[in-house]
**Q** 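Before we start, here is the structure in question, set down as structure tokens.
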Amino acid sequence: MPWLLLFLAGLFEVAWAIGLKYTEGFTRLWPSVGTVAALAVSMVLLALAARTLPIGTAYAVWVGIGALGAAVLGIVLFGESREPARLAFLALLVVSIVGLKLTHR
């Protein structure tokens, strides 16, 4: 269950990270409200997962999911670079996240 909570926390991190773009510096009300709500949900879920998982592992996986998701959505939604080297480094993030899960005891 803590891994599911952590995965969901990571998805909400992606949501608030992408939401930041739509807030236009927190000058738009509803995107700002959604972004802050996603941030709060993400933090609560991370905190719940960290009750059981080591904080170093939980935080690293949470950040990894957030960074990977934000980068992928940046490519899809905002036309950010699809340069092969960038994609290779994103693949390394996936390897790191999976590796942390597999080596958790």
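Numbering of residues begins at 1 and proceeds along the displayed sequence.
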**Q** Output the distance between atom CG (Leu46) and atom CG (Leu53), rounded to the nearest 0.5 Å.
**A**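 Those atoms lie 9.5 Å apart.
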**Q** For Glu80 and Ala71, which heavy atoms make the closest approach, and how far apart are they?
**A**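 For Glu80 and Ala71, the tightest heavy-atom pair comes out as OE1-O, 4.3 Å.
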**Q** Kindly give the heavy-atom pair with the smallest separation between Ile97 and Gly64, and that separation in Å.
**A**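 Taking every non-hydrogen atom into account, CD1-C, 3.4 Å.
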**Q** Hey, could you give me the CG/OG1 distance between Leu29 and Thr23, rounded to the nearest 0.5 Å?
**A**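 Leu29 CG to Thr23 OG1: 11.0 Å, rounded to 0.5 Å.
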**Q** With clusters defined by side-chain heavy atoms of hydrophobic residues (ILVMFWY) lying less than 4.5 Å apart, directly or transitively, does Val33 cluster with Trp16?
**A**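 No, it is not one cluster - the side chains of Trp16 and Val33 are not joined through contacts under 4.5 Å.
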**Q** With clusters defined by side-chain heavy atoms of hydrophobic residues (ILVMFWY) lying less than 4.5 Å apart, directly or transitively, does Val36 cluster with Leu45?
**A**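 Same cluster: Leu45 reaches Val36 through Ile, Leu, Val, Met, Phe, Trp or Tyr contacts under 4.5 Å.
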**Q** For Ile75 and Leu90, what are the C-alpha separation, side-chain angles and deciding distance, and is it a side-chain contact (heavy atoms from CB on, under 4.5 Å)?
**A** CA-CA 12 Å; Ile75 292 168; Leu90 290 174; 4.2 Å; yes
**Q** Rounded to the nearest 0.5 Å, what's the gap from CG on Leu4 to CG on Leu48? Could you check?
**A**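 The distance works out to 11.5 Å.
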**Q** Heavy atoms only: give me the nearest Ala70-Ala17 pair and the separation to one decimal.
**A**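 Scanning both residues completely, I find the closest heavy atoms to be CB-CB, 4.2 Å.
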**Q** Determine, using the 4.5 Å side-chain heavy-atom cutoff (strictly less than), whether Leu92 and Leu87 are members of one ILVMFWY cluster.
**A**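 Not linked; separate clusters.
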**Q** Find the distance between CG (Leu6) and CD1 (Ile65) and round it off to the nearest 0.5 Å.
**A**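 Reported value, rounded in 0.5 Å steps: 5.5 Å.
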**Q** Tell me, yes or no, whether the heavy-atom count around Phe89 atom CZ, taken from other residues, nucleotides or ligands under 6.0 Å, exceeds 12.
**A**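 For Phe89, atom CZ is not crowded (no more than 12 foreign heavy atoms under 6.0 Å).
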**Q** So, for Trp62 and Met43, which heavy atoms are closest and what is the spacing to 0.1 Å?
**A**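 So the two residues come closest at CH2-CE, 3.8 Å.
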**Q** Are Val41 and Met1 linked, directly or through other ILVMFWY residues, by side chains that come within less than 4.5 angstrom of each other?
**A**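 Yes: a chain of side-chain contacts under 4.5 Å links Val41 to Met1.
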**Q** Please check this pair: side chain of Thr52 against backbone of Pro2, looking for a donor-acceptor N/O pair closer than 3.5 Å.
**A**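 No.
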**Q** Check for me, please, whether Val61 and Ile55 land in the same ILVMFWY cluster - side-chain distances under 4.5 Å, paths through other members count.
**A**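 Different clusters.
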**Q** Leu77 and Ile18: side-chain contact (heavy atoms from CB on, under 4.5 Å), yes or no, with the steps?
**A** CA-CA 9 Å; Leu77 297 174; Ile18 293 298; 4.1 Å; yes
**Q** Could you tell me whether the side chain of Thr35 reaches within less than 4.5 Å of the side chain of Tyr22, counting heavy atoms only?
**A**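 No. Closest side-chain heavy atoms not under 4.5 Å.
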**Q** Apply side-chain contact (heavy atoms from CB on, under 4.5 Å) to Phe7 and Lys101, showing your working.
**A** CA-CA 11 Å; Phe7 179 73; Lys101 166 68 171 106; over 6 Å; no
**Q** Using modelled atom types only, decide if a donor and an acceptor are shared between the side chain of Ser32 and the backbone of Arg28 within a distance under 3.5 Å.
**A**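 It does hold such a pair.
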**Q** Can you see which heavy atom on Leu5 is nearest to which on Ala49, and at what distance?
**A**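 Smallest heavy-atom distance, with atoms named: CB-CB, 4.2 Å.
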**Q** Would you say the side chain of Leu73 lies within less than 4.5 Å of the side chain of Phe78, judging by non-hydrogen atoms?
**A**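 Heavy-atom side-chain distance check fails, nothing below 4.5 Å.
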**Q** Can you tell if the side chain of Glu24 reaches within under 4.5 Å of the side chain of Pro31, non-hydrogen atoms only?
**A**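 Glu24 vs Pro31: side chains apart.
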**Q** With under 30° as parallel and over 60° as perpendicular, where do the rings of Trp3 and His104 fit, or are they tilted in between?
**A**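 Answer is perpendicular, since the angle exceeds 60°.
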**Q** Of the non-hydrogen atoms in Ala67 and Leu93, which two are nearest, and what is the gap between them?
**A**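 In terms of heavy atoms, the two residues are closest at CB-CD1, 4.2 Å.
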